[in-house]
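Down below is the structure, laid out as structure tokens.
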Amino acid sequence: MKIGKVIGSIWATRKAACLQGQTFLVVAAGEEELVAADQVGAGPGDRVLLATGTVASRYCMDAPVDAAVVAIVDEGKKET
Amino acid sequence: MKIGKVIGSIWATRKAACLQGQTFLVVAAGEEELVAADQVGAGPGDRVLLATGTVASRYCMDAPVDAAVVAIVDEGKKET
Amino acid sequence: MKIGKVIGSIWATRKAACLQGQTFLVVAAGEEELVAADQVGAGPGDRVLLATGTVASRYCMDAPVDAAVVAIVDEGKKET
Amino acid sequence: MKIGKVIGSIWATRKAACLQGQTFLVVAAGEEELVAADQVGAGPGDRVLLATGTVASRYCMDAPVDAAVVAIVDEGKKET
Amino acid sequence: MKIGKVIGSIWATRKAACLQGQTFLVVAAGEEELVAADQVGAGPGDRVLLATGTVASRYCMDAPVDAAVVAIVDEGKKET
């Protein structure tokens with residue numbers, strides 16, 4: 001999974017019917033920027049854990065999404 | 001999911017039978033150019049949200065496609 | 001999906017039993033070179049549309065392949 | 001699969017309910033840093049084998065994770 | 001699918017129980033090095049065809065692996 005930082009959100013009026021009710025956040029993960037469905041309640045500035053692929057879709061009740069916020073990170077310690 | 005911009009479309013006479021009726025758009029997403037099935041009705045210049053992988057296939061009635069337009073983006077705000 | 005150009009093919013005598021009868025093409029897609037199963041009948045020089053991942057396997061009767069030619073591209077127009 | 005080195009772990013209080021009980025390790029794999037669920041018992045400094053995608057989720061009882069530690073590497077020999 | 005060259009193998013004493021009996025090869029594919037389960041019998045120096053993702057797992061009796069050797073390449077001809 002990737003760790004990213006929420007930097008915004010997007011709106012879409014015309015979309016797949018099965019996306020109704022999904023919230024989409026723009027997340028910066030490394031040098032990449034991606035859009036993830038959010039059911040955890042993350043907001044701008046939060047560091048989040050992203051699941052991608054079919055896993056994300058299953059987590060979002062099989063909606064056609066390939067990235068989802070699954071957690072908001074509290075703390076990260078690194079030991080080398 | 002990725003956000004991309006529709007820059008064209010492609011035609012294919014010889015193709016998998018199960019691709020009949022699918023519309024294929026060429027989408028520029030970052031530095032990458034990819035082809036996505038479209039059932040939302042996007043056109044040239046639209047900023048679109050793409051789902052990739054098995055998720056896209058399921059959304060397109062299990063057609064052998066690995067990318068699909070699932071929404072047309074209205075507005076994107078970024079807060080840092 | 002990616003668009004690539006067929007640049008050759010490969011043979012394998014020792015392989016998974018379930019790969020019998022599959023044709024494998026070498027396809028150049030951007031800066032990448034990959035091998036895709038072909039059931040559409042593409043040949044050297046053809047521009048082809050590739051589906052990747054589980055989608056490709058399902059299209060090839062669940063053979064252990066992760067890329068498949070699903071169409072031969074006729075024409076590609078780009079509008080900016 | 002990728003080989004990586006465990007460099008830390010993360011905590012998340014707010015998360016998907018189905019992630020309860022999962023341990024998340026930060027793993028450096030090549031130039032990339034990712035987070036993987038761990039059920040093998042790896043610790044800082046261990047070289048681990050990672051499975052990614054739906055495979056990882058299935059291994060973790062269908063939790064919404066897309067990377068999992070599936071083994072701790074003993075020894076790696078390379079012959080050219 | 002990717003073509004790679006077998007450059008070694010790895011051992012893991014502590015691992016997912018369902019990985020018992022799997023052989024893991026280190027394969028160089030382009031600039032990337034990855035680990036793949038092998039059931040075809042490849043050895044050092046062999047050029048192999050790799051399937052990745054869920055496809056590889058299914059080929060290896062649903063073991064938690066995301067890359068598998070599915071063929072040993074005999075010959076590759078390229079025509080431009």
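Proteins get letters first, then strands, A, B, ... in listed order; numbering begins at 1 in each. Keep in mind that the numbers below use all heavy atoms, side chains included, and drop hydrogens, waters and symmetry copies.
- In this structure, A51(E) and P64(C) approach most closely via the heavy-atom pair CB-O, 3.5 Å.
- Of the listed residues (I3(E), V48(E), I72(E)), the greatest number of heavy-atom pairs within a distance under 4.5 Å of chain C belongs to I72(E).
- Two residues are said to be in side-chain contact when any heavy atoms from C-beta on lie closer than 4.5 Å; I10(C) and R47(E) fail this criterion.
- Across L49(E), L50(E), V69(E), the residue that shares the most heavy-atom pairs under 4.5 angstrom with chain C is L49(E).
- The part of D46(E) that comes within reach of chain C is its side chain, from C-beta onward, which places non-hydrogen atoms under 4.5 angstrom from that chain.
- With a 4.5 Å cut-off on side-chain heavy atoms, R58(E) and T54(C) count as touching.
- Taking V35(C), T52(C), V65(C) one by one and counting their heavy-atom pairs under 4.5 Å with chain E, the maximum is reached by V35(C).
- Residues A37(C) and M1(E) approach most closely at N-CE, 4.2 Å, considering heavy atoms.
- Looking at L19(C), the atoms closer than 4.5 Å to chain E (heavy atoms on both sides) all sit in the side chain, from C-beta outward.
- When all heavy atoms of K15(C) and A71(E) are compared, the pair lying nearest together is CB-CB, 3.5 Å.
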